[in-house]
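This report refers to the structure that appears directly beneath it.
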Amino acid sequence: MRYSNFFIPTVKNAPNDAEIISHKLMIRAGMIKQSSAGIYSWLPLGLRVLKKIEQIVREEQDKAGANELLMPTIQSADLWIKSGRYNDYGKEMLRITDRGGREMLYGPTNEELVTDIFQSYVKSYKDLPLNLYHIQWKFRDEVRPRFGVMRGREFLMKDNYSFDLNEEEAKKSYNKMFKSYIKTFLRMGLTPISLRAETGPIGGSLSHEFQILAKTGESKLYYDKELENVDPENIDTKELQTYYAAVDDQHDEKKCPIKKENLKISKGIEVGHIFYFGTKYSEKLEAYVQDAKGKNIPVHMGSYGIGISRLVGAVIEAYHDDKGIKWPLSVAPFSLSIINLMPDDHDCDTKSEEYYEFFMNKNIEVILDDRNCSIGKKLSDNDLIGIPFQLIVGKRDLNEGFIEFKNRLNDQNTKIPLDKVKEHLLLELNK
RNA sequence: CGGGGAGUAGCGCAGCCUGGUAGCGCACCUGGUUUGGGACCAGGGGGUCGAAGGUUCGAAUCCUUUCUCCCCGACCA
């Protein structure tokens, strides 16, 4: 991608609407544009990150044996009336009437629809366990949307639903997802903290929420420091679930079960939530299967959410400095930026193009900053949009046989001899 | 939904108190000079001041209504 051909409307001053850092940076970096309260357009740069995060979630879901499908955003009220939630959901649900006067709604979640799909096709215990997920836009008419995409009214969420024969099996599914969530967030460079949670309006008996650590996070967390040291190759969910973790208002210093030296206090952002709720919906929506004895029994269900659009903001909250965003490589919109400091200079152009071709051919996501603007603007834009690796191609260094390499994550600059550049970059990119 | 704040050029703001027909910085356009950290000089374009109504000879400015957006709280991925 050539920067000159890519739509990244960066701005110096964020609009006054933006309060928190990720919101400001997303606007300044040209990632999103607010359309109305809690509703955003995703501009090309923001969309790339959104898709990166979505893809990591998808891959981990698939690895955990979940099946991707896609359910509609607009749902008929019928199923919701049947489940009893049409009234319960209140004003948060956006209700619409179609031309025939039928009551419709913009889905805030999908238990009803997915259970309906399930019960249409699955009749035997032999088809269990089953886990279905989709990644779809939701709408919840929040009383007060805020913090940019972190709490929009319209948001992209991965939600999945597990179906099992009994509680024991359902808890296996639950733990599978638990593990998958930890892996998912670790892949994004985040530190997930799992907390036992209230089950809330979705109901049920078992629930965990997943927060990620960020200095600017919304909630204050108290947790066992062991939760920070998870080995992604060897995740023991049972062990993880035994560690202490609590949010601010649940934490009581006197009753805290762990030693003070093991207790860590930090701020977090909720990015995922999982529930086991038994047969609550399967009974109402008649999702029964026959067991081995031919008896009809309601399936045991769980539901699992990850706020994908929220994660874009959450990653920024965890990774930024006063100059801008510092994307972890796994979610970065581009891995490498080649900054041609002096377009129209023969040497700068030749070298920039050479690297650009080279890395593109290696399937590296690379953006070539070939814009005809001042050096300061280029460098600060690249810092702002936070591409992890930058190659700064300038006449001064070129004459001395160097290219400057910048690692945005630690802000280290190194001068690399021309004949070592490709090798060095490939090494960094594969770390 | 309770409390608070803000709408003036794409963005950030001044002007409002004390009414006289709109200004600054950035961005944008043209020409030139620059080129290792948000360049410089010169010229230029762009706003019926959120909307409606009222007071007045005259309203961005005063009054009323209304819409939108933001912040704090209660609630959530």
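As a basis for the values below, the full set of heavy atoms in this structure was taken, side chains included, without hydrogen atoms, waters or symmetry mates. Treat the numbers as computed from the prediction; the structure is a model and nothing was measured. Order of the sequence lines sets the chain letters (A, B, ...), proteins ahead of strands, with each chain counted from 1.
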- Message: If you compare every side-chain N and O of A:R146 against the phosphate oxygens of B:C70 (OP1, OP2), does one of them come in below 4.0 Å?
- Response: no

Presence of salt bridge, [Y] and [X], under 4.0 angstrom:
{"X": "A:K51", "Y": "A:E54", "answer": "no"}
{"X": "A:R371", "Y": "A:D369", "answer": "yes"}
{"X": "A:E218", "Y": "A:R151", "answer": "no"}

Got a second to check how far [X]'s [atom1] is from [Y]'s [atom2], nearest 0.5 Å?
{"X": "A:I306", "Y": "A:E270", "atom1": "CD1", "atom2": "CD", "result": "11.5 Å"}
{"X": "A:S173", "Y": "A:M301", "atom1": "OG", "atom2": "CE", "result": "11.5 Å"}
{"X": "A:K158", "Y": "A:K138", "atom1": "NZ", "atom2": "NZ", "result": "9.5 Å"}

- Just checking A:D159: base, sugar-phosphate only, or nothing, at a heavy-atom cut-off of under 4.0 Å? nothing

- Have a look at A:K378 and say if it touches a base, only the backbone sugar-phosphate, or nothing, with a 4.0 Å heavy-atom cut-off. nothing

Between [N] and [M], how many Å separate the two [atom1] atoms, rounded to a whole number?
{"N": "B:C72", "M": "B:A9", "atom1": "C1'", "result": "32 Å"}
{"N": "B:A22", "M": "B:C16", "atom1": "C1'", "result": "12 Å"}
{"N": "B:U56", "M": "B:G12", "atom1": "C1'", "result": "34 Å"}
{"N": "B:C71", "M": "B:G10", "atom1": "P", "result": "23 Å"}
{"N": "B:A52", "M": "B:G45", "atom1": "C1'", "result": "31 Å"}
{"N": "B:A27", "M": "B:C67", "atom1": "C1'", "result": "29 Å"}
{"N": "B:C24", "M": "B:G46", "atom1": "C1'", "result": "15 Å"}
{"N": "B:C49", "M": "B:G4", "atom1": "C1'", "result": "24 Å"}

Pairing partner of [N] (Watson-Crick or G-U wobble, both distances under 3.5 Å):
{"N": "B:A42", "result": "B:U30"}
{"N": "B:U18", "result": "none"}
{"N": "B:G12", "result": "B:C24"}
{"N": "B:G37", "result": "none"}
{"N": "B:A6", "result": "B:U68"}
{"N": "B:C1", "result": "B:G73"}

Are side-chain heavy atoms of [X] and [Y] found at a separation under 4.5 Å?
{"X": "A:R85", "Y": "A:E111", "answer": "yes"}
{"X": "A:I235", "Y": "A:V230", "answer": "yes"}
{"X": "A:I212", "Y": "A:E317", "answer": "no"}
{"X": "A:L221", "Y": "A:L213", "answer": "yes"}

- Does A:F334 have A:R48 sitting over its ring (NZ/CZ under 6.0 Å from centre, angle to axis within 45°)? yes

- Under 30°, 30 to 60°, or over 60°: which ring-plane class applies to A:F163 and A:F118, parallel, tilted or perpendicular? parallel

Proximity to RNA chain B (any heavy atom under 4.0 Å), residues of [range] only:
{"range": "residues 304-339 of chain A", "value": "A:G307, A:R310"}
{"range": "residues 18-33 of chain A", "value": "A:E19, A:R28"}
{"range": "residues 34-65 of chain A", "value": "A:Q34, A:S36, A:A37"}

[X] has an atom [atom1]; how far is it from atom [atom2] of [N], in whole Å?
{"X": "A:R151", "N": "B:C75", "atom1": "CZ", "atom2": "C1'", "answer": "6 Å"}
{"X": "A:K138", "N": "B:C76", "atom1": "NZ", "atom2": "P", "answer": "18 Å"}
{"X": "A:E92", "N": "B:C1", "atom1": "CD", "atom2": "C1'", "answer": "12 Å"}
{"X": "A:M93", "N": "B:C76", "atom1": "CE", "atom2": "C1'", "answer": "15 Å"}
{"X": "A:E142", "N": "B:C69", "atom1": "CD", "atom2": "P", "answer": "15 Å"}
{"X": "A:M150", "N": "B:C71", "atom1": "CE", "atom2": "P", "answer": "12 Å"}
{"X": "A:K395", "N": "B:U34", "atom1": "NZ", "atom2": "C1'", "answer": "15 Å"}
{"X": "A:Q390", "N": "B:G37", "atom1": "CD", "atom2": "P", "answer": "14 Å"}

- On RNA chain B, check which nucleotide each of A:P343 and A:S380 is closest to and give me the residue with the more 5' one. A:P343

- Query: Are the aromatic ring centres of A:F178 and A:F210 under 6.0 angstrom apart?
  - Reply: yes

For the side chain of [X], starting at C-beta, report the closest nucleotide among [options].
{"X": "A:N413", "options": "B:C1, B:G37, B:G38", "answer": "B:G37"}
{"X": "A:D17", "options": "B:C76, B:C72, B:C69", "answer": "B:C69"}
{"X": "A:V143", "options": "B:A39, B:C1, B:A77", "answer": "B:C1"}
{"X": "A:K406", "options": "B:C76, B:G38, B:G37", "answer": "B:G37"}

- Excluding sequence neighbours, so at least two apart, what forms side-chain hydrogen bond (donor to acceptor under 3.5 Å, both in side chains) with A:K52? A:E365

Which atoms of nucleotides 7-11 of chain B (N or O only) lie under 3.5 Å from a protein N or O atom, and what are those distances?
{"from": "B:C11", "atom 1": "O2'", "to": "A:N13", "atom 2": "O", "distance (Å)": "2.9"}

With 3.5 Å as the limit, what N/O pairs link the protein to nucleotides 28-31 of chain B?
none

- Among A:N67, A:N131, A:N160, which residue meets the side chain to side chain donor-acceptor pair (under 3.5 Å) test with A:Q61? A:N160

- Query: Does any donor atom in the side chain of A:H251 or A:Y244 lie under 3.5 Å from an acceptor atom in the other side chain?
  - Reply: yes

- Does one side chain, of A:Y356 or A:R2, offer a donor that lies under 3.5 Å from an acceptor on the other? no

- Message: Looking at A:E253, I want to see if its CD is surrounded by more than 12 non-hydrogen atoms of other residues, nucleotides or ligands under 6.0 Å.
- Response: no

- What do you reckon, is NZ of A:K63 surrounded by more than 12 foreign heavy atoms closer than 6.0 Å? yes

